[in-house]
Amino acid sequence: MIDILMPRLSDTMEEGAIATWHKKPGDTVSIGEILVEIETDKATMDYEAYDAGVLRDILVPEGQLATIGTVIARLDDGSPDAPAAPSAPATDDASEVTPEPASVPAPELTPALANRSASERHYASPLVRRLARENGIDLSAITGSGPGGRIVRADIEHIIDAAPVVTPAPASIAAPPVEPAADTDGRRSTAVPFDGARRVIARRLSESKSTVPHFTVTAAADADALLELRKTLNASLESAGRAKVSVNDLIVRAVAIALRAHPGVNASYSPDASGQTLLHGRVNIGIAVASPAGLVVPVVQDADEKTASQVAIESKRLVGLAQEKKLGPGDMSNGTFTVSNLGMFGVEQFTAIINPPEAAILAVGAARAEPTVVAGEIVVRHRLRYTISADHRIIDGALAAQFLATLTSLIENPLTIIA
C-alpha cells in the first residue's frame, strides 16, 4: 500500500486544495496518468501518478485543503499495508466527510450506475454539498459534469446566482417570517466562496502586510525616449518577423540592470540567528499577472543576462501559461524581485504589497502626456511614475532612493537598457 502525499508544487506553497480527482476508489491507476488537480497559492496544477495500482481510498475530497505531506489518498500496489498516517485536518467541510472503511473498497461506477437518473444519485464534493445546503439546492435534481458524474461547483453556480439572498437572524433570536424584498433593479449581494488559490493569496498577502515593515518611495521619469526607442525597435522586429517588445519588457530589463547595480535591493530578509540580509547572486524578476486562477507571479530567470527581446519572448510565454492555468513550479520559483504594472489599465500610480520572501516590489503606472518644464519652457512630455515598496528591515530609504535614481537614468537613456 502506498500513501499519496500532498506534494510541494511551488517554493512558497504551504498547503493545497483538491480541485478535481480524476480517479475514484476502485479505479486502476497507471504511471504517468493524471491523478488529481491541486490548487496552490499560484496556480492549479496536474499531479501525475508515480506508481501503478488500484486507488484504494481518497482521504481528502474535492474542495478541501491539506498541508504539505498530508496523506490525500492511498494506492494499492500489492505491497503490505503501510502504517496508518494522519489524514487532512478538519476544515469547514470535514464534518460532512465519512470515509469508507479501508477494508471495503468503494464501489466502481459501472455503466449501469452511470446511466441512473439524477434523482437516484448525486455524487458531490464537500464544498458543493455545503453550498447546496446554504442555498437550499436539491442535489438530486442536478446532473454532474465532473468525473464519474460528480457534481462540481460549476454545476450549481447558476442556481446560486439566480437565488434570492437571505440574511439569517442571529441564532439566539427566532427569525420572524419575512416577505422577500422586491428586487426592482436586479442588484443584490452574492457570496462567492474562495477557491484554494484565493485563500492562499489572501493569507500570504495579509501576512506580508502585517509582518513586513513596508515603506514606499515614488519617482518619475521622462519616458519619451523610451517610447520612441520601443517604436523603432518594434518596427525593426516586425519587419524581421520577430515578436514585439512591450514597455513592460523594457522596464523589466531596466529593473534587472538596476538590481545588479544595487545588490542590497535584490535581497531577502533571513530571520536566522538575530537576523541577516540574504543577497541573491541571480536576478530573477517576477511579473505580477492577473490570471483566471487569481494573482500569479511567474519569474523571468536571470533577467539581467537576457536581451530586451529575450525578456519579451519569455514574458509572453509565461503570461500565456498563466492565462491557461498551466504554469509549473519551475515557472514561478526563485524570484528575487517583482514588477507589478497596471499602466495598461490607465493607472497613473499605486503601491504594491511585497511578495515574500522578496524584499521589494515595484509598482509601475502608465506613461501619461503632461505639461513639463524643459530648459525653461513648458512642453508636453510623457511621464512615467513608479513606486517601490521595500522591507525596512534590510532596505533603508537612501538605498531605495538610489535604486530608483539608477532606474530613472536607465529609462531616460534607454539605449543603456538594450546595450
Side-chain angles (χ1 to χ4, degrees), residues 1-89 97 99-111 113-114 123 125-127 144-150 152 195-197 200 293 296 298 317-318 320-322 324-334:
M1 193 70 65
I2 296 174
D3 288 337
I4 300 174
L5 309 180
M6 174 61 74
R8 180 185 293 276
L9 298 175
S10 74
D11 57 332
T12 58
M13 178 181 172
E14 297 178 1
E15 60 186 4
I18 301 298
T20 305
W21 281 105
H22 287 267
K23 296 289 185 178
K24 61 183 182 299
D27 281 354
T28 299
V29 177
S30 301
I31 295 175
E33 279 192 294
I34 302 300
L35 185 62
V36 61
E37 292 179 22
I38 298 173
E39 292 180 354
T40 73
D41 57 330
K42 295 180 176 178
T44 299
M45 304 183 190
D46 294 333
Y47 180 72
E48 298 180 356
Y50 291 94
D51 300 279
V54 176
L55 187 62
R56 171 68 69 84
D57 304 298
I58 290 178
L59 303 179
V60 181
E62 292 177 0
Q64 187 168 317
L65 282 168
T67 56
I68 293 172
T70 298
V71 180
I72 60 175
R74 303 189 76 199
L75 186 70
D76 187 351
D77 66 340
S79 61
D81 285 359
S87 58
V97 181
E100 299 181 28
S103 59
V104 181
E108 188 169 353
L109 188 63
T110 62
L113 274 175
Y123 302 103
S125 71
L127 175 62
S145 61
R150 179 182 289 271
V152 296
D195 57 19
V200 178
V296 294
R317 182 186 75 84
L318 292 170
L321 291 175
E324 297 174 5
K325 300 175 69 173
K326 293 183 178 179
L327 287 168
D331 296 320
M332 298 180 287
S333 301
N334 305 318

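One-based numbering along the sequence shown. Note that the structure is predicted; figures quoted are calculated from it, not measured.
Formation of a donor-acceptor pair under 3.5 Å by the Lys23 side chain with backbone atoms of Val36 is not found in this model. Between the side chain of Asp77 and the backbone N or O of Met1, at least one donor-acceptor pair lies under 3.5 Å.
Taking each heavy atom of Met332 and Pro298 in turn, the nearest pair found is CG-CA, 4.1 Å. Taking every heavy atom of both residues into account, Gly53 and Leu75 meet most closely at C-CD1, 3.8 Å. Between Ala52 and Ile31 the shortest heavy-atom distance is N-CG1, 3.7 Å.
Gln64 places none of its side-chain heavy atoms less than 4.5 Å from the side chain of Ile18. For the pair Thr20 and Glu62, the minimum side-chain heavy-atom distance is below 4.5 Å. Under the 4.5 Å side-chain criterion, counting only non-hydrogen atoms from C-beta, Val71 is in contact with Leu5. At a threshold of 4.5 Å between non-hydrogen side-chain atoms, the residues Ile38 and Pro7 count as touching. Counting heavy atoms from C-beta on, the side chains of Thr67 and Met6 never come closer than 4.5 Å. Counting only heavy atoms from C-beta outward, the side chains of Ile2 and Tyr50 never approach each other to under 4.5 Å.
Remark: Asp331 does not engage Lys326 in a salt bridge, criterion side-chain N to carboxylate O under 4.0 Å.
Atom CD of residue Glu48 and atom CD1 of residue Ile34 lie 4.5 Å apart, to the nearest 0.5 angstrom. How far NZ of Lys24 is from CG of Leu55: 9.5 Å, rounded to the nearest 0.5 Å. Between the CG atom in Leu35 and the CD1 atom in Ile58 there is a gap of 7.5 Å [rounded to 0.5 Å]. A distance of 7.0 Å separates CD1 of Ile72 from OH of Tyr47, quoted to the nearest 0.5 Å.
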